[in-house]
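First comes the structure, then the notes that go with it.
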Amino acid sequence: MKLTGNDLKKIGYAEGKALGLALTIIEREYAAWKPADQLNLLQRVKDDPARYIHDEKLSPLAMEILKPADSTIALEPAGKPYKIYGAEAIEEGAIHQMDIASRLPITVAGALMPDAHQGYGLPIGGVLATKNAVIPYGVGVDIGCRMCLTVYDLPVTLLEDNKEALKKMLVNNTMFGQATFKQPKDHAIFERDEFSDIAVVKGLKDKAWRQIGSSGGGNHFVEFGIVDIPSVADELGLQPGKYLALLSHSGSRGLGATLAAHYTRIAMDVCKLPQEAKHLAWLDLDTEAGQEYWLAMNLAGDYASACHHQIHERMAVGLRSNPLMMVENHHNFAWKEQDASGEEVIVHRKGATPAGKGVLGIIPGSMATPGFIVRGKGVSTSINSASHGAGRLMSRTKAKQTILPGHVNKVLTAAGVELIGSGLDEAPMAYKNIHEVMASQHELVDVLGTFMPKIVRMCGDEKFKEVD
DNA sequence: ATGTCC
């Protein structure tokens, strides 16, 4: 009777290198022993491998058993092909990150938008369709970061004639960064079950309450401007002409940021990937954690929407005008959609605008350049997506080091833009040319109208200070 | 993006 692999499996050896090594050593060194004694020896090594690490015969086996299990999920050698829009203006790092994402075993398809730049895991401007799995960092840190545009039935001459009143309205009714309202407005979202059913969400309810209606930092803004509709746009319900409008860009604040960090940590624990892909760790949607993230992500998205609506409501009170229409869209989110063959896929848009056929969206420019009201064309090679803005031309660090405040102020004056506050890293020259970005994606969206910023508020309560 | 290190 000779010892077999099955005998070893019965005493707890899993299929793998240790099992093979055990059989080899037994055959070579312990052939004279009775099978029962051989098995007994292997059992002892299995139970207490540390005792055998200096054993001249059993050391290799003991070392192998002691080695941490290598459960790393391998990337596919070749990625799924994906289309890059505006490749000539996209940094190398973003394309490298998309290459890695295209090689995940869960990846079905991908696309890179013309405003893409490097992020954590999936690049900003990256779109990734996966099979039954969600990547928290494929959604992004600011879950549900979105745009909201309200067009008012008011003349654009107010922007000049009532400029000071409009500025004051922005200052009094918007809060950025750490600042929050003394009296937050209640909202139906706080009745959602997720706030009681999911422990991590429950712990964030107070913070969400304090921050509702506020805007974030970085590239978030609330601004008055002019919507220009060149020809009749039935889906907007607007006649051609110019309208006073309010555009906001913000996300899910501390709620979304904390949820993103929480579920990314869980994903990285349960989904070990090679170093270069580790931030792309995913949650299987059939697992409890995956389903919980999905609920929490949707809550954060609805909370971001609620924040925008409160911003616009507060402004409407001051304007004493009812909105003619609103357009809004998430651009950091994941959706269950159908691919070209009708299969359900999870589409991650991390800094990308949904652009399914007929879907309306807003693609902002910079504080001194127009944004665009768009209607998706439903192009499958872009996974029904478009860019979410102009995209950064330089990093925040480089912008702060190289851009001169005096130069920014001249550009703003030339564009007729009044700035209440912002950081230098949000200066127009830190961004790519929005017109070139739009040209790179003309096959993805139709432009229905433009929005030119006129009175802008971002995080930071002072204009750019000029120093000698 | 962010209670910017529970």
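In the text below, chain A, chain B and the rest are named by the order of the sequence lines, each starting its count at 1.
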Using a 4.0 Å heavy-atom cut-off across all strands, classify [X] as base, sugar-phosphate, or nothing.
{"X": "A/Gly217", "value": "sugar-phosphate"}
{"X": "A/Gly218", "value": "sugar-phosphate"}
{"X": "A/Leu204", "value": "base"}
{"X": "A/Arg210", "value": "nothing"}

**OP:** With DNA chain B as reference, determine whether A/Ser250 or A/Arg265 sits nearer its 5' end, using the nearest nucleotide of each.
**Re:** A/Ser250
In whole angstroms, how far is the [atom2] atom of [N] from the [atom1] atom of [X]?
{"X": "A/Gln211", "N": "B/dT4", "atom1": "CD", "atom2": "C1'", "value": "13 Å"}
{"X": "A/Asp425", "N": "B/dT4", "atom1": "CG", "atom2": "P", "value": "18 Å"}
{"X": "A/Leu259", "N": "B/dT2", "atom1": "CG", "atom2": "C1'", "value": "12 Å"}
{"X": "A/Lys207", "N": "B/dC6", "atom1": "NZ", "atom2": "C1'", "value": "14 Å"}
{"X": "A/Arg253", "N": "B/dT2", "atom1": "CZ", "atom2": "P", "value": "5 Å"}
{"X": "A/Tyr120", "N": "B/dT4", "atom1": "OH", "atom2": "C1'", "value": "11 Å"}
{"X": "A/Arg396", "N": "B/dT4", "atom1": "CZ", "atom2": "P", "value": "17 Å"}

**OP:** Could you point out which residue of A/Gln118, A/Met98, A/His117, A/Met113 forms a side-chain contact (heavy atoms from CB on, under 4.5 Å) with A/Pro123?
**Re:** A/Met98
Original post:
Among the nucleotides B/dT4, B/dG3, B/dT2, which one has an atom lying closest to any side-chain atom of A/Gln178?
Top reply: B/dT4
Original post:
Can you tell me if A/His312 and A/Thr150 form a side-chain donor-acceptor pair at under 3.5 Å?
Top reply: yes
Original post:
Any ion pair linking A/Glu313 and A/Lys185 (charged N to carboxylate O, less than 4.0 Å)?
Top reply: yes
Original post:
Applying the side chain to side chain donor-acceptor pair (under 3.5 Å) test to A/Arg146, which of A/His308, A/His249, A/Glu328 qualifies?
Top reply: A/Glu328
